[in-house]
Amino acid sequence: MSSSTKAFASQADLEEKQVSFTRLSDNAYAYTAEGDPNTGVVIGDDAVMVIDTQATPAMAQDVIRRIREVTDKPIRYVVLSHYHAVRVLGASAYQPEHVIASRDTRDLIVERGEQDKASEIGRFPRLFRNVESVPPGLTWPTITFEGRMSLWLGQLEVQILQLGRGHTKGDTVVWLPQQKILFSGDLVEFDATPYAGDAYFQDWPHTLDRIAALQPQALVPGRGAALTTPEAVHAGLAGTRAFVSDVWAQVQAGQAAGKDLNTVYRETYAALKPKYGHWVIFDHCMPFDVTRCLDEAAGIADPRIWTAERDRAMWAALEG
């Protein structure tokens, strides 16, 4: 592994991605872009819901343009699947009546929203183009819930569920029970590397089991193409579960053997590269993933806050 040439995080990723707007049903669409963060769209009888907003209001305008090609109903609701800046800072573009998030996600915004914002803007220059279009401050929910809530868009029931911790402690999925369509946020990725810098490695596979128990017929992952058959959904769940479990097994073994972070990182990277190295943002995610995983293996229950300074120091230590 030639570390000396590795640009920080995703700073070398400047190539524009091809956007797809995939119709899953009369009510559900997936806005995807070759491994960039996805946005979900639910069109009810009287209103539209957007799930995850894109990184900036300028980028959200492209989502709005696609929505307006299929409906003129008002965009009333934005759901935050979790708090990461790249998912939420475009919210103002939709001018929603309500922003919905789990109580745990709101708690994370309070605790680390500002640091996360600065951290992520440094990691993803392409995703934060027109960053000046982001209004000052953070994206605050107007409605929070614990466990589950239902929203009725006319006759269409939309369930907003916390099925367990994984990518973050606040992870929220959106489920259309009448159509068995699920929007997973970053709990599930497809041909894209799960970012686990704020994760709960031991909980994540169990949360995926709860998603599988719903038996989705289609699923919109956090990154990667929309999964439009039960077989594709199974593959997405299995791939995410395998990656999270493989990182945990490698790192836990290294921690038990008393190895330091640099050694555990090099060994874990080498072990996972053949199987997952072709996935989007593999090189970006691995230093963050292994650092958090080693903390969890060492008994640090909750993820430490990433700041722009901590990001750079960690990267220099592991990739410098």
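Bear in mind that the values here come from a model prediction, so they are computed numbers and not experimental data.
Residues meeting the salt bridge (charged side-chain N to carboxylate O under 4.0 Å, His left out) test with Glu69, sequence neighbours left out: Arg65. Shown here are the salt bridge (charged side-chain N to carboxylate O under 4.0 Å, His left out) partners of Arg292, two or more places apart in sequence or in another chain: Glu296.
Checked against the 6.0 Å centroid threshold, Trp279 and Phe282 do not count as a close aromatic pair.
Side-chain atoms of Ser25 come within 3.5 Å of backbone atoms of Asn27 as a donor-acceptor pair (strictly under, hydrogens ignored). At distances below 3.5 Å, not a single donor-acceptor pair connects side-chain atoms of Asp171 with backbone N or O atoms of Asp186. No donor-acceptor pair under 3.5 Å is formed between the side chain of Thr32 and the backbone N or O of Ala225. In this structure a side-chain-to-backbone donor-acceptor pair under 3.5 Å is missing from Arg223 to Glu34.
Counting only residues at least two apart or on different chains, the salt bridge (charged side-chain N to carboxylate O under 4.0 Å, His left out) pairs with a member in residues 269-282 are Asp246-Lys275. Within the structure, salt bridge (charged side-chain N to carboxylate O under 4.0 Å, His left out) pairs that include any residue of residues 200-218 comprise Arg165-Asp203, Asp209-Arg241 (at least two apart or interchain). Contacts classified as salt bridge (charged side-chain N to carboxylate O under 4.0 Å, His left out) and involving residues 99-115 (residues at least two apart or in different chains) are given here: Arg112-Asp198.
Of the inter-residue distances, the one linking Ile211 atom CD1 with Leu187 atom CG reads 5.0 Å to the nearest 0.5 angstrom.
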Kindly list each side-chain donor-acceptor pair under 3.5 angstrom involving residues 130-141, sequence neighbours excluded, with atom names and distances?
from: Ser133; atom 1: OG; to: Ala58; atom 2: N; distance (Å): 3.3
from: Ser133; atom 1: OG; to: Asn130; atom 2: O; distance (Å): 2.7
from: Thr139; atom 1: OG1; to: Val88; atom 2: O; distance (Å): 2.9

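Around atom CZ of Arg310, more than 12 heavy atoms belonging to other residues, nucleotides or ligands sit under 6.0 Å away.
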